[in-house]
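One structure is given below, encoded as structure tokens.
Lettering of chains follows the sequences in order, A, B, ..., and the numbering in each one begins at 1. Here the structure is a predicted model, which is why all the values come from computation and not from measurement.
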Amino acid sequence: MWNLYKWKLKDVILASIISVLFAFICFATVHSVSFVVAPLVMPFGFGDIAIEFVFGIFFMSATLAAYVIQKPGVAVIVGTMTGVVQVLMGSAFAATLLPSAFFQGLGVEAVFFATRYKKFNLPVMLLAAVGPTITSFVLAWYRGLWMDLDFGFVATRFVIRLCSALLFSGIITKLLADRLAKVGVLKSYPLGTKYSQDIDDES
Amino acid sequence: MSLNATGITFKYFEDSPRIVLQDVNITVPVGKISVLQGKSGAGKSTLAYVLAGLYPENGGFLQSGTVKWENVDIHTLTPDNRVAYVAMMFQNPDLQFCMNTPENEIAFCLENIGIAEADMPPLIHDAMEKAQALDLLGKSFTYMSGGEKQKCALACILALKSKCIILDEAFANVDEPTARQIITTLRGLKLTILAIDHSTSLWNADHVISLDGTGARVFDLVPSLHAVGAPVITTCGLSVGAITYPNMCFEKGSITAITGKSGAGKTTFFKALMQQHKYKGSLALMGREVNKYKKKHLYERCGIVFQNPANQFLALSVYDEVFFSVNHWHKGNAEAKREKTLELLRIFDLDVYKKYSPYLLSQGQQRRLAVLTMLAGGQNILLLDEPTYGQDYENICAIMQLLLEKAKNGLTVLYTTHNGALARNFSHKIIHLEDNRE
Amino acid sequence: MSDFMSKINPFYKFVFIIVFSTVITFIHSLWLNIWVFGGAMLLILTGVKYTQYMRVVKFMLPVAFMSFSLFVMGLFFGEGGGGMFGTVTTQSTQTGITMATRFLSFAGIGLVFALTTNPYDLVKSLRKDAKLPRKFAYGMLCAINLLPHIKTEYQNAMMAFRVRGVRVGPLSLKPLFSMLVNAFRWSEMLSLAMISKGFYED
Ligand SMILES: Nc1ncnc2c1ncn2[C@@H]1O[C@H](COP(=O)(O)OP(=O)(O)OP(=O)(O)O)[C@@H](O)[C@H]1O
Ligand SMILES: Nc1ncnc2c1ncn2[C@@H]1O[C@H](COP(=O)(O)OP(=O)(O)OP(=O)(O)O)[C@@H](O)[C@H]1O
Ligand SMILES: [Mg+2]
Ligand SMILES: [Mg+2]
């Protein structure tokens, strides 16, 4: 059990690289959505909602890292680091990002914690997409003063965010990671061991 | 006194039938320079990792065998104690560094062995000087050429002051004159050195160890070269960043070797040709400026093998990697394409690895695979950045023969190399880039 | 003009913005928002080298834009607002303004931090002042130092695909996948490189 808590140097570097990589991706997503898509819908008051369609992308780093490394704390730390890196890159969302990133990571972590870091199948991954959807939504609701907004409007947002999360953070992340395992780069992680066996037989 | 490895049997996967090292015994005598040789894929790098104590601690399975320096078992030491005995420099010059500049990297090394920050500057200076890299001290690794990185990696290893150093093709990207100077310095240090290299002459080795019975050969194949066609690439007053180039011209069907000190701008030239760098002056491909091309059209005409080929794989297995190109560029039914793919793999000794992921191949094998995927393509210009680095004699010949065959059919080949004999024998002309940066 | 903000210990700055942004999360006041944003702008204008002003502008543009779009949202969908192009009331206008300035205040704090802190110094100071374990500090530094590398690698990946005749658009997953493969290879190689240089991860 103690082993489970111990990060290897490799895990630390991997977690950091994933954070940095996804910070780039989130940064690009946020800015392209706010600049390209949002202007088109802004006149209707929907400017802020455009981001909901890609919200799942923000959970990907934490989910992916946790799925591969399978150790406690990975999701929270990677989620938070993704936020910190974006702040340092000068994201428009700046300081709002830090608490968001932390809560998103926490949402992912909670799900994996509930399975005691033992189960990593599709249903669990989908749940791990629902977790951060809820935490991030509650935070945004409180912080963004959404109680002052129309309920239907807010509910629509939630549904869109949930679908996006299931797609990006649940399904696409799992597909990516499983493919990574097949390439053989995960051979020292639990996920990779099951693919390494039949490459040497002839035929 | 010596570094002794006895009865080493090692494999990468626990239940795979492929044993990479089978009962290997080697002795590296103290204070001498030993050169380790063997075909590409023979397991030289793997052995180096085992000798340096990195495997099996960080990967793979050591089924039997011990590595000892006198009576000290290397594998029982912790990393910080181990570097007092052995340190190793990796084959791939990228990704050896965790900090941003050589200065910080060496400081990191020194911190590991418990040296106070105040004592560091002279030690850093000294190590960089020995590796002929003093001018690179504050330069970011991101902007270094392959050879420059190798020199810095050597400096780090020297700063650790280990008794024995293992150098895995340490000078493959460094020009010959500089490499000779460094080796002379190393000899003066009276270190125990195990160098993995396909050439023994460079090292003037005291002791040669062969992993599989093969020895080194200087490239001596002299092919009969065919006549060349009209110019396809011409440059005039070309400069990229701080690097200026002589006026060059490459004819259709010609094979050109580009040589020059490391950092002279060979890779940069290729990148400019591939629209990865902006340039000034004129660089024309088939009569049209390169920067006027659409990327799509440029890449249909021009193929490239990177200096670090691991960056260009896109399939899950070696077979798929080659099949992908064959499928894209060749006509015929599926069976014919399959045959073609296997035939190509056989030429380069890669057929047994067809189910391997490209990333699990040895460095030399990766490079051959990259060359193969490009040769299977239909571009009529091919840029190869050090295609023969890390290859044994047979494989260099196989690569060059295949290039020659293609060139006869009109492929224009540009390759960079630090292998003088190869460049002399195997090219219509050699372009030597002087180091003329401001 | 001086760059005194850059000289403040990055870790303390980091803690400060976390605490501060958490606190203002729980206080909903229009005036607080305006004060915070004004203060942040003052710090940026006086505390950042003027050579960095172009960066300030580059960072501010999206911020201004987002805050305007928040304002429009509040205007239409805020309490009392009439939905899309509906009637606009003073109350919904107020909601819009509060939302917009709130965003500005958060952004202001973040910008002060981003403009005056370099990641390298932050990690160094985390190690020194927050006693971050060596393993984590150097692991993170590794990743930070890869930042410029990641950009060139991405271009390389795009080129590799195109040279092989694969079509890749900005939205395709293939280059992302290549980058992930790289991430794993890098972490493996870098950790080996560090261990071979005597790094002991106890
Ligand atoms: N990480 C790995 N996982 C699985 N197999 C590997 C790995 N690295 C190398 N191999 C396999 O082990 C064998 C020996 O590889 P190694 O890198 O030691 O060769 P080498 O002698 O250094 O070759 P080169 O001169 O081409 O660098 C190769 O056949 C290779 O396919
Ligand atoms: N992106 C970059 N930005 C700035 N300088 C660079 C960049 N890339 C390379 N350089 C510098 O340009 C010079 C030429 O580099 P290049 O990689 O072309 O050398 P090279 O001739 O290929 O050397 P080698 O044989 O060692 O690979 C080097 O001094 C290098 O430090
Ligand atoms: Mg090797
Ligand atoms: Mg080069």
Side-chain angles (χ1 to χ4, degrees), chain A residues 7-21 24-25 28 30-32 34-35 38-39 42-49 64 68 81 84-85 87-99 139 142-145 148-150 153 172 176-177 179-180 183 185-186 188-189, chain C residues 17-18 21-22 25 28 55 58-59 62-63 65-66 69-70 72-73 75-79 81 83-85 95 98-99 102-103 106-107 109-111 113-115 117 119 122 135-136 139-140 142-144 146-147 150 173 176-177 179-181 183-188 190-191 194-195 199 201:
Chain A
W7 289 48
K8 291 188 125 195
L9 175 62
K10 188 174 62 185
D11 301 331
V12 177
I13 301 179
L14 180 64
S16 314
I17 296 181
I18 289 184
S19 311
V20 169
L21 202 60
F24 264 107
I25 295 170
V30 167
H31 284 79
S32 55
S34 336
F35 268 123
M42 189 176 65
F44 312 102
F46 285 135
D48 192 49
I49 214 173
L64 181 72
V68 173
M81 274 204 285
V84 175
V85 176
V87 172
L88 289 169
M89 286 165 68
S91 168
F93 288 88
T96 40
L97 259 174
L98 290 176
L139 181 72
Y142 193 77
R143 187 173 55 193
L145 310 179
D148 295 345
L149 294 181
D150 182 57
F153 182 78
I172 293 185
L176 278 176
R179 216 176 126 89
L180 280 169
V183 185
V185 287
L186 298 188
S188 50
Y189 292 96
Chain C
I17 71 155
I18 288 181
S21 55
T22 312
T25 302
H28 299 168
R55 259 183 95 202
K58 223 172 77 193
F59 284 2
V63 172
F65 192 84
M66 277 309 293
S69 107
L70 276 169
V72 178
M73 184 180 77
L75 204 61
F76 290 153
F77 292 95
E79 228 171 292
M84 216 184 295
F85 293 126
T95 310
T98 316
M99 286 177 132
R102 203 169 155 71
F103 182 79
F106 279 113
I109 306 170
L111 280 185
F113 185 66
L115 283 166
T117 317
L122 176 63
K135 197 194 312 184
F136 280 84
M140 287 175 188
C142 253
I144 290 168
L146 277 178
L147 272 169
I150 288 177
L173 280 178
L176 170 64
F177 182 73
M179 293 310 287
L180 281 176
V181 169
F184 284 92
R185 282 180 42 240
W186 292 337
S187 63
E188 192 137 333
L190 287 170
S191 72
M194 285 167 74
I195 293 170
F199 186 88
E201 46 167 319

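Scanning for side chain to side chain contact (heavy atoms under 4.5 Å, CB included) contacts around Ile150(C) gives Val20(A), Leu21(A), Phe24(A), Leu146(C), Met179(C), Trp186(C), with sequence neighbours left out. The side chain to side chain contact (heavy atoms under 4.5 Å, CB included) search around Ser19(A) returns Val78(A), Met81(A), Thr82(A), not counting sequence neighbours.
With chain A as the partner, the residue from Leu122(C), Leu147(C), Ile195(C) showing the most heavy-atom pairs under 4.5 Å is Leu147(C). Between chain C and the options Ile18(A), Leu88(A), Ile172(A), the largest number of non-hydrogen pairs under 4.5 Å is found for Leu88(A). When each of Ile17(A), Val183(A), Asp11(A), Ile25(A) is checked for heavy-atom pairs under 4.5 Å with chain C, Ile17(A) comes out on top.
Nearest heavy-atom pair, Val12(A) versus Gly139(C), reported as atom, atom and distance to 0.1 Å: CG1-CA, 3.9 Å.
Using a 4.5 Å cut-off between heavy atoms, Val185(A) contacts chain C through both its backbone and its side chain. Residue Leu115(C) does not touch chain A at all, counting heavy-atom pairs closer than 4.5 Å. Using a 4.5 Å cut-off between heavy atoms, Leu180(C) contacts chain A through both its backbone and its side chain.
Between Leu97(A) and Phe106(C) there is no side-chain heavy-atom pair separated by less than 4.5 Å.
Classified by interplanar angle (parallel below 30°, tilted 30° to 60°, perpendicular above 60°), the ring pair Phe184(C)/Tyr189(A) is perpendicular.
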